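Predicted, not measured: the structure shown is a model, and the values here were computed from it. We count residues from 1, following the sequence as given.
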Amino acid sequence: MFEKSLHDLIRGIRANASQEERYIRACLDEIRMEVKRTDLDVKANAIAKLFYLHMLGYDMNWAAFHIIEVMSSQTLAHKRVGYIAAAISFRQDTNVLMLCTNLIKKDLQSNNYLETALALNGLCTIVTPDLGRDLSPDLIAMMNHSRAYIRKRVILCLYKVFLKYPEALRVAVPRLKDRLEDSDPSVVSAAVNVVCELARKNPKSYLPLAPQLFTILTTSTNNWLLIKIVKLFGALCPLEPRLIKKLVNPITNLIQTTSAMSLAYECILTAITGGMISAEVDAGAPVDPANATLANADRPQDSVLAKICVTKLKVFIADSDQNLKYLGLFALCKLLPLRPKAVGEHRDIILDCLEDKDISIRMRALELVASMVTKKNVVVIVDYLIKQIVPTPSTSVEDLGVVHGTGDHRQPTSAKLSIASDGGYGSEVIARILQFCSQDTYALVSDFRWYVAVLVNFVRVRGASVGMEVSSQLIDICVRVEGVREFAVAILTELILDEYFLESTAFEKNNTDVLFAAGWIVGEYARFVDNPVKLIRFTVSPLITHLPSSVQASYIQAALKIYSAWINGATRTPEGAADLMVLDEEGHKKNTISKEDFMAVTQQLLQGMGKLSGSVDLEVQERASNAYQIVNLITSLDLGLSFGAWAVPEAALQLAALFEGELKPVDPDAQALVAVPEGLDLDAWIHDPEPDVVPEEDEHTPELKDVGVEVVRKVKKGKKTEGEVGKKKKKASAVGEDAAGSRGQHFFDAEINKKPVKSPSFNTDTHSILSETSNVALVTSSVTVEPLPELLPSVFETMEAETIAALSTFKLCLEKEEFLLVRYFG
């Protein structure tokens with residue numbers, strides 16, 4: 001009989017592509033027969049075909065015992081097939097793994113080093129805590145094997161054993177330390193790799209290996225080995241500061257001499273994170289000798305190492321390889337908090353990275369640029385960033401004071417279309433600017449007119465959604481900085497009246513939330529409004545109904561404030577127009593607003609408030625209704641006046657009293673600084689609580705005696721329930737005939753299993769019973785007795801027949817499909 005080989009199986013699968021499933025099942029049946037044969041050649045061939053099918057998704061766990069049989073073969077080719085099959089198919093819960101212990105131990109002690117290598121390779125993938133415990137002594141002893149090939153494999157295998165059986169690590173560390181000084185470089189490399197991986201979890205345990213590792217660092221020429229050691233020293237230096245002084249020279253030498261960019265990068269990163277470069281100290285800043293340490297003192301060699309690192313990183317950033325450019329920016333981000341001046345010298349090359357096509361490089365450069373901002377360069381950096389996101393062909397800091405009211409929110413048409421139209425990147429740029437400009441209460445901002453113009457330009461960026469953040473900062477700035485209020489009112493008035501900006505509500509991402517701040521600011525500081533009539537009409541026009549409800553509420557309040565300022569002559573007079581306030585004969589200020597203008601604006605305000613009072617939003621509805629009533633009162637007071645002797649009604653002038661006062665910034669923690677007056681108890685009641693009302697007992701109110709109440713589960717119609725405690729069943733046929741006809745006896749057949757609770761009182765007016773029935777909520781649906789409706793298809797406990805006869809109303813109480821019958825007396 002001829003068996004298919006692995007090559008035959010593969011060819012057959014390809015030849016039967018249309019019937020692949022059927023063909024493979026036939027092959028599996030053949031394999032099941034072959035693994036049962038005693039010929040190891042046939043068995044090994046079957047296992048080889050089986051683990052190929054296993055890689056195609058077919059289960060081979062049923063052949064675990066046959067795999068061990070092939071592993072125990074004396075032929076190296078068979079043994080290799082067995083170990084490969086075990087590595088592929090065995091799991092931690094495979095039952096036959098216990099049979100592998102002696103087999104693997106025998107192969108480890110074999111005189112054929114190839115068999116030993118096979119056993120080590122297989123053990124790495126199938127090791128369990130039990131196998132690790134039983135085989136770790138043999139593996140540790142094999143670390144002194146005469147063959148370097150085996151020593152290397154044993155060290156790597158032990159790492160897998162340590163993960164499953166950590167107790168073996170304590171015994172193996174001395175041998176592992178000796179292998180760091182092995183004569184064979186491959187063994188040393190394997191030992192360093194294992195130590196580095198183990199040190200990820202607990203670096204402190206491997207500080208005793210520092211001398212051996214330092215020797216390798218200064219003598220080895222293997223770049224990959226040096227990278228591992230440098231990374232390990234980066235984790236050890238924070239734990240042992242004395243290592244820093246020892247490592248500065250070797251690390252500096254490697255950065256300057258190596259041609260391997262990967263090794264140079266790891267050395268630079270280790271120098272930064274390992275404390276070899278300390279934070280620079282101001283020449284004029286006082287130094288506390290008690291707190292000065294080796295790690296944080298400004299050592300002379302630090303400046304040299306910092307300059308070497310920055311110079312090397314500049315080469316990384318200027319390289320055409322995107323990966324090296326990203327790594328250079330990442331390392332500079334780490335170095336910037338320590339040496340901002342050294343990094344700031346290369347600002348131009350960092351800003352050039354903001355033009356890169358790779359979004360990850362742009363983001364990393366943006367993070368670096370945001371950290372480089374100072375009070376001196378904030379305008380230059382913000383100007384450069386704005387040119388990337390603001391959708392105007394050319395935008396500079398000087399132009400930010402002028403906000404164009406048409407078309408600024410539309411798709412950009414500049415050469416930087418891809419960057420300006422990238423909403424995600426644009427939002428990140430704006431978020432960074434808002435963050436560093438507002439930190440420490442706007443410590444970096446010296447010209448607030450400039451910054452307010454910057455904020456207004458941000459909301460015109462298409463695709464960005466920063467309306468809430470900009471709104472918050474605009475209000476904060478105007479409350480804090482008095483000198484910027486006039487400029488803010490002017491620029492935000494243009495934004496409110498910009499109909500093109502209102503159209504941006506059609507986009508999913510828009511910044512119309514900023515109009516909340518715009519409305520609040522122009523209303524709060526209405527004395528700076530140039531064109532109050534136009535603004536009043538716009539803030540109550542139907543156009544604002546498409547805006548968020550918070551903006552509509554802000555507009556309502558703003559319209560009323562501007563209206564109050566206008567009729568009192570507190571607003572600014574447009575150029576070329578007559579002053580609203582003149583002096584009369586007695587020298588008092590007199591309003592020159594004509595009655596026609598007053599009535600026209602008032603009526604338009606009244607109509608707008610009337611429409612907004614029908615809003616579905618409660619805040620908008622309430623504010624509009626209040627404003628409507630106020631304006632309507634002013635209108636009614638004006639009706640009796642003639643055109644000749646007209647003057648603004650005194651009630652309208654008194655409207656300004658509602659908005660007197662000015663908001664000032666308050667520290668959020670200011671309340672905590674206020675001392676509680678002596679004798680004031682903040683936890684005491686302001687008014688004594690009312691006592692609980694207990695109704696007086698009525699002599700005509702019968703007491704609840706011998707009334708059984710039971711909560712029973714809902715049952716299907718037609719079935720009966722029995723009580724949990726056996727009491728004598730009582731029929732209520734007489735009551736049933738009067739109350740429910742033929743269904744009376746069916747309704748009240750049950751057993752009494754709970755003693756009634758005696759009520760302290762009974763109120764005949766409200767028909768209520770105070771009872772202590774747990775876990776039941778009374779509901780308000782009640783039904784009359786005559787006749788009983790089809791509402792209670794369940795069986796309830798029967799009360800005493802004479803008490804049931806006195807019932808006039810039943811109340812149904814339902815919670816979690818449970819019913820309670822409560823009696824009422826008429």
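Under the 3.5 Å distance criterion, the side-chain polar atoms of Ser554 are matched with a main-chain donor or acceptor of Phe516. Distance alone, capped at 3.5 Å, is enough to place a donor-acceptor pair between the Gln552 side chain and the Leu547 backbone. Put simply, the side chain of Ser472 never gets that close to the backbone of Met468: no donor and acceptor are under 3.5 Å apart. The backbone N or O of Gln621 sits less than 3.5 Å from a side-chain atom of Ser625, completing a donor-acceptor pair. Arg432 contributes no side-chain N or O that, together with a main-chain N or O of Ser427, makes up a donor-acceptor pair within less than 3.5 Å. A donor-acceptor distance shorter than 3.5 angstrom exists from the side chain of Ser613 to the backbone of Gly610, with no hydrogens or angles considered. Using a distance-only test at 3.5 Å, with no hydrogens or angles considered, no donor-acceptor pair links the side chain of Asp440 to the main chain of Ala443. Using a distance-only test at 3.5 Å, with no hydrogens or angles considered, no donor-acceptor pair links the side chain of Tyr563 to the main chain of Leu605. In terms of modelled atom types and a separation under 3.5 Å, the side chain of Asn632 and the main chain of Tyr628 share no donor-acceptor contact. Checking side-chain atoms of Asp356 against main-chain N and O of Lys325 turns up no donor-acceptor pair under 3.5 Å.
Two residues are said to be in side-chain contact when any heavy atoms from C-beta on lie closer than 4.5 Å; Tyr425 and Ile430 fail this criterion. Side-chain contact between Leu336 and Leu332 is absent, with no heavy atoms from C-beta onward closer than 4.5 Å.
Under the side-chain contact (heavy atoms from CB on, under 4.5 Å) rule, Leu515 has a single partner from Val459, Thr539, Leu502, Leu492, which is Leu502.
The two atoms that bring Ile562 and Gly523 nearest to each other are CG1-CA, 4.3 Å, heavy atoms only. Trp566 and Asp597 make their closest contact through CH2-O, 3.8 Å (heavy atoms, listed as atom of the first residue, atom of the second, distance). The two residues Ile317 and Cys353 come nearest to each other via the heavy atoms CG2-SG, 3.5 Å.
Remark: the Asp617 side chain and the Ser615 side chain contain no N/O donor-acceptor pair separated by less than 3.5 Å.
Evaluation of the salt bridge (Lys or Arg N to Asp or Glu O under 4.0 Å) test over residues 598-609, restricted to residues two or more places apart or in two chains, returns none.
Salt-bridge formation is not detected for the pair Arg362/Asp358: no Lys NZ or Arg NE/NH1/NH2 atom is positioned less than 4.0 Å from an Asp or Glu carboxylate oxygen. The residues Glu619 and Arg623 are annotated as salt-bridged, a charged nitrogen and a carboxylate oxygen being separated by less than 4.0 angstrom. Salt bridge annotation for Arg460-Asp498: present, with a cationic side-chain nitrogen under 4.0 angstrom from a carboxylate oxygen.
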Side chain to side chain donor-acceptor pair (under 3.5 Å) between Tyr451 and Gln473, intermediate numbers included: CA-CA 10 Å; Tyr451 187 52; Gln473 289 199 19; 2.5 Å; yes

List the steps and the verdict of side-chain contact (heavy atoms from CB on, under 4.5 Å) for Leu434 and Phe458. CA-CA 10 Å; Leu434 294 177; Phe458 284 162; 4.1 Å; yes

Step by step, would you call Phe501 with Asn510 a side-chain contact (heavy atoms from CB on, under 4.5 Å)? CA-CA 9 Å; Phe501 182 73; Asn510 60 74; over 6 Å; no

With side-chain contact (heavy atoms from CB on, under 4.5 Å) as the test, would you mind laying out the steps for Cys437 and Val445 before giving the verdict? CA-CA 6 Å; Cys437 284; Val445 179; 4.1 Å; yes

Run the numbers on Ile361 and Leu329 for side-chain contact (heavy atoms from CB on, under 4.5 Å), then give the verdict. CA-CA 8 Å; Ile361 292 177; Leu329 292 171; 3.7 Å; yes

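Distance check: Gln322 CD to Leu327 CG gives 11.5 Å after rounding to the nearest 0.5 Å.
Below 30°, between 30° and 60°, or above 60°: for Tyr326 and Phe330 the angle between ring planes is below 30°, a parallel geometry. Ring geometry for Phe448 versus Tyr442: interplanar angle over 60°, hence perpendicular rather than tilted (30 to 60°).
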